[in-house]
Amino acid sequence: MQVKIVKDKTEGGQVAFDLIKKGIENGAKVLGLATGSTPIPLYQDMIASDLDFSNLVSVNLDEYVGLPEDNEQSYHQFMKDNLFNKKPFAHSYVPNGNAADIDEAAKEYDQIIADNPIDIQILGIGRNGHIGFNEPGSDLNSTTHKVKLTESTIEANKRFFDDEKDVPRYAISMGIGSIMKGKQIILMAYGEDKADAIKATIEGPVTDHVPASVLQNHKDAIIIVDEAAASKLSK
Ligand code: GLP
């Protein structure tokens, strides 16, 4: 696990962008993408660049269950607004949170991932150490599955909704096992809110209590943090 401390999220986005650019030059064809505020500077750099993604495939981590795709808080809509409308990919996959049978949709998504092995996986991190929507206690070998969101995540995400009761209680997420298959993983974290999760991810034991800690077992994982997110690291 490599750790890179940057000045702020703008620099963090540039570092991640450079890694993606190099990856594409070296033949990367499939990008694993994430939502949340963290990857936005990276997506802005991707939009502003002259890179062409029209021959690449993107595979997103997760989606809320039961939120219409065109709801402004759905991850389908987030990705359109923040990247896809400006930089289209050949195909962009986002889990289907409105399937009649979510377990079936999860199986179909695993097949999509198997058919499109992820070269570079972008990740943010939840305050409780979750990646995608794999909450503490998730099986470290899991594939795509339905998730019950924790109170901590509902609390963190309520800022995007008019009312806390509008925050979906369930999501469909790539599993930790699926995420770990990405050839290279780039996790970004900014701000003091993430300092505990980052300390546990980097310096704690590998444990399902902190899903991101499993990245210690990945052979090409890069953690990009600003000084606030790095502030509790001992080294
Ligand atoms: C959500 C997403 C995660 C994301 C996390 C942190 O829970 N499912 O993929 O990493 O939020 O979001 P932010 O980057 O806004 O802090």
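The first residue in the sequence is number 1, and the count goes up from there. Indexing begins at 1, ligand by ligand and atom by atom, following the structure's order.
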Please tabulate, one line per pair, the protein N or O atoms found under 3.5 Å from any N or O atom of ligand 1, giving the distance to one decimal.
{"from": "ligand 1", "atom 1": "7 (O)", "to": "His130", "atom 2": "NE2", "distance (Å)": "2.8"}
{"from": "ligand 1", "atom 1": "8 (N)", "to": "Asp62", "atom 2": "OD2", "distance (Å)": "2.8"}
{"from": "ligand 1", "atom 1": "8 (N)", "to": "Gly132", "atom 2": "O", "distance (Å)": "3.1"}
{"from": "ligand 1", "atom 1": "10 (O)", "to": "Ile125", "atom 2": "N", "distance (Å)": "3.3"}
{"from": "ligand 1", "atom 1": "14 (O)", "to": "Ser37", "atom 2": "N", "distance (Å)": "3.3"}
{"from": "ligand 1", "atom 1": "14 (O)", "to": "Thr38", "atom 2": "N", "distance (Å)": "3.0"}
{"from": "ligand 1", "atom 1": "14 (O)", "to": "Thr38", "atom 2": "OG1", "distance (Å)": "2.5"}
{"from": "ligand 1", "atom 1": "15 (O)", "to": "Ser37", "atom 2": "N", "distance (Å)": "2.8"}
{"from": "ligand 1", "atom 1": "15 (O)", "to": "Ser37", "atom 2": "OG", "distance (Å)": "2.7"}
{"from": "ligand 1", "atom 1": "15 (O)", "to": "Arg159", "atom 2": "NH2", "distance (Å)": "3.4"}
{"from": "ligand 1", "atom 1": "16 (O)", "to": "Lys194", "atom 2": "NZ", "distance (Å)": "2.6"}

Take Glu135 and Thr150, measure what side chain to side chain donor-acceptor pair (under 3.5 Å) needs, and give me the verdict at the end.
CA-CA 7 Å; Glu135 298 280 24; Thr150 62; 3.2 Å; yes
Determine whether Ser173 and His145 satisfy the following criterion, side chain to side chain donor-acceptor pair (under 3.5 Å), listing intermediate values before the conclusion.
CA-CA 6 Å; Ser173 180; His145 60 294; 5.7 Å; no
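Ring planes of Phe53 and Phe89: parallel class, angle under 30° (limits at 30 and 60°).
The cationic atom of Lys148 (NZ for Lys, CZ for Arg) lies less than 6.0 Å from the six-membered ring centre of Tyr170 and within 45° of the ring axis.
Listed here is the closest heavy atom pair of Ala171 and Val65: C-CG2, 3.5 Å. Across all their heavy atoms, Tyr109 and Asn60 have their closest contact at OH-O, 2.6 Å.
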